[in-house]
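Structure first, commentary second.
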Amino acid sequence: MGWVESLQKAINYMEECILEDISMESIAKQANTSEFHFQRTFAILTDVSVGEYLRRRRLSLAAQELSSTDHKIIDLAYKYGYDTPEAFSKAFRRQHGITPSEARKNIGKLNCYNRLVIQVNLKGAEPMRYKIVERDSFQVVGIKKEFSLINEENLKGIPKMWDEVNGDGTVEKIARLNNGEIKGILGVCVDKRLTQSEQSIDYWIAAEHKGEATADFLTLDIPASKWGVFEVHGPMPGAMPKVWKQIFSEWFPSNQYEHAGTPELEVYSDEDPSSPDLYSEIWIPLK
């Protein structure tokens, strides 16, 4: 099954089970990928998390029922997964800007989201600069934190981790240990479900290092792999997500390679992150 078909199968499953308490594990299984990689790919392509997509769709369907049927508000609250009518009304107002009672009376406008359909558009006018490299296993040193995949806590926690290490001088210490082939600070995601049953990932902020690490930092072995190394040009944080979206929406659908499922690397330079000439890289393991 192709990449686009796998993603659409997972979206169809979410829609078919929209009224059920479905798990991220069951959704990712439809796409034949890990929870972390599905979350990441989905967010890159849609600019919304899986959890937020489900919430928006449920509230959109609830709004349609409110305006077209005489079903009780309390019944709709329970139907669409809310424990109380108060919780339902609060979420409904946050999305639509009006209360369920106002929607029933057709007062105001609704903010509804349609079902997603994945399409591969004709793009590619803007060239992607990349190379394919093969490397033996190598070592990175740095710090790590574990983040739960439940309720997408990883999407909230990783940016906070970067803020902390940039603020307390840890990044500078890691940069001084960077004596490997990859020059720069690395962001590395390790999906623990590949080796354990935990619904979590380890996120590393690290640098490639040859030799013994100091007692202040941990080490991680990156397995031997074929890599797609994509150039990223421009200021952060906008430049990196733009290339990620190109990779998944343009590059993968038009190439024979598949994601190998092992850790990806984001490579950040120590230059001014706001510089328009900033150079970074994305390393994706391929098979």
Side-chain angles (χ1 to χ4, degrees), residues 1-14 22-54 116 118 120 128 130 132 140 144-159 161-162 186-206 220-230 232 240-267 281-287:
M1 184 182 297
W3 172 86
V4 173
E5 291 83 356
S6 296
L7 190 58
Q8 188 63 59
K9 182 181 178 183
I11 293 171
N12 293 344
Y13 171 76
M14 286 191 276
I22 52 178
S23 67
M24 186 63 66
E25 180 181 11
S26 65
I27 296 170
K29 188 176 181 180
Q30 302 300 312
N32 195 31
T33 187
S34 71
E35 293 173 49
F36 171 73
H37 285 297
F38 181 79
Q39 280 184 322
R40 185 176 181 85
T41 304
F42 188 90
I44 287 169
L45 290 176
T46 66
D47 295 318
V48 67
S49 69
V50 175
E52 181 67 10
Y53 173 73
L54 289 170
L116 277 177
I118 299 298
V120 179
M128 297 183 68
Y130 74 94
I132 303 297
V140 301
K144 71 173 180 177
K145 279 190 178 182
E146 181 177 342
F147 294 102
S148 173
L149 294 172
I150 299 172
N151 296 324
E152 299 174 326
E153 291 299 320
N154 55 305
L155 301 181
K156 307 169 189 173
I158 290 174
M161 181 181 177
W162 275 103
L186 309 179
V188 187
C189 292
V190 180
D191 186 356
K192 299 180 76 171
R193 290 192 60 85
L194 296 175
T195 57
Q196 303 174 32
S197 60
E198 301 177 45
Q199 294 190 2
S200 63
I201 63 164
D202 283 337
Y203 187 80
W204 290 71
I205 296 177
L220 172 68
D221 289 326
I222 304 296
S225 181
K226 178 177 291 184
W227 297 87
V229 182
F230 297 84
V232 181
M240 193 70 77
K242 178 182 178 182
V243 175
W244 273 115
K245 183 166 289 189
Q246 280 186 289
I247 291 168
F248 282 101
S249 66
E250 299 176 34
W251 193 83
F252 269 122
S254 62
N255 279 273
Q256 77 274 22
Y257 293 109
E258 296 179 16
H259 197 297
T262 47
E264 307 157 340
L265 312 176
E266 290 183 338
V267 186
E281 291 178 342
I282 294 173
W283 286 54
I284 297 184
L286 303 172
K287 63 180 181 180

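Keep in mind it's a predicted model, so treat the numbers as computed, not measured. Values reported hereafter were calculated over all heavy atoms of this structure, with side chains retained and with hydrogens, waters and symmetry mates removed.
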If you measure from CD on E52 to CG on D47, what distance do you get to the nearest 0.5 Å?
12.0 Å
Tell me, do V232 and E266 make a side-chain contact under 4.5 Å, heavy atoms counted?
no
More than 12 heavy atoms from other groups under 6.0 Å of CG on N32:
no
How long is the straight-line distance from CE of M24 back to OG of S49, given to the nearest 0.5 Å?
7.5 Å
Give, for atom CD of E258 and atom OG1 of T33, the distance between the pair rounded to the nearest 0.5 Å.
10.0 Å
Could you grab the distance from atom CE of M161 to atom CZ of F147, nearest 0.5 Å is fine?
5.5 Å
Between F42 and M14, does a side chain to side chain contact (heavy atoms under 4.5 Å, CB included) hold up when you go through it step by step?
CA-CA 13 Å; F42 188 90; M14 286 191 276; 3.8 Å; yes
Run L116 and Y53 through side chain to side chain contact (heavy atoms under 4.5 Å, CB included) and show every step you take.
CA-CA 9 Å; L116 277 177; Y53 173 73; 3.5 Å; yes
Which atom pair, heavy atoms only, marks the closest approach of Q39 to V50?
CA-CG2, 4.4 Å
For the residue pair W251 and Y257, does the interplanar ring angle fall in the parallel (under 30°), tilted (30 to 60°) or perpendicular (over 60°) class?
parallel
Check whether any side-chain heavy atom of Y203 sits under 4.5 Å from a side-chain heavy atom of W162, and report yes or no.
yes
What one should report as the nearest heavy-atom pair of H37 and G261 is NE2-O, 3.6 Å
Can you measure from CD1 (I247) to NZ (K245) and round to the nearest 0.5 angstrom?
12.5 Å
In the structure I gave you, are the side-chain heavy atoms of T262 and W227 within less than 4.5 Å of one another anywhere?
no
For N12 and Q30, what are the C-alpha separation, side-chain angles and deciding distance, and is it a side chain to side chain contact (heavy atoms under 4.5 Å, CB included)?
CA-CA 9 Å; N12 293 344; Q30 302 300 312; over 6 Å; no
In sequence, state the C-alpha distance, the side-chain angles, and the governing distance for W244 and E264, and then conclude on side chain to side chain contact (heavy atoms under 4.5 Å, CB included).
CA-CA 11 Å; W244 273 115; E264 307 157 340; 3.5 Å; yes
Closest approach of P285 and S225, non-hydrogen atoms and distance?
CB-OG, 3.5 Å
Test item: I222 and V188 side chains (from C-beta on) under 4.5 Å apart, heavy atoms:
yes
Aromatic plane relationship, H259 with F248 - under 30° parallel, 30 to 60° tilted, over 60° perpendicular:
parallel
Using every non-hydrogen atom in the two residues, find where A10 and A31 come nearest and quote the distance to one decimal.
CB-CB, 4.1 Å
Is there side-chain contact between L7 and L45, with at least one heavy-atom pair below 4.5 Å?
yes
Are side-chain heavy atoms of L220 and K144 found at a separation under 4.5 Å?
no
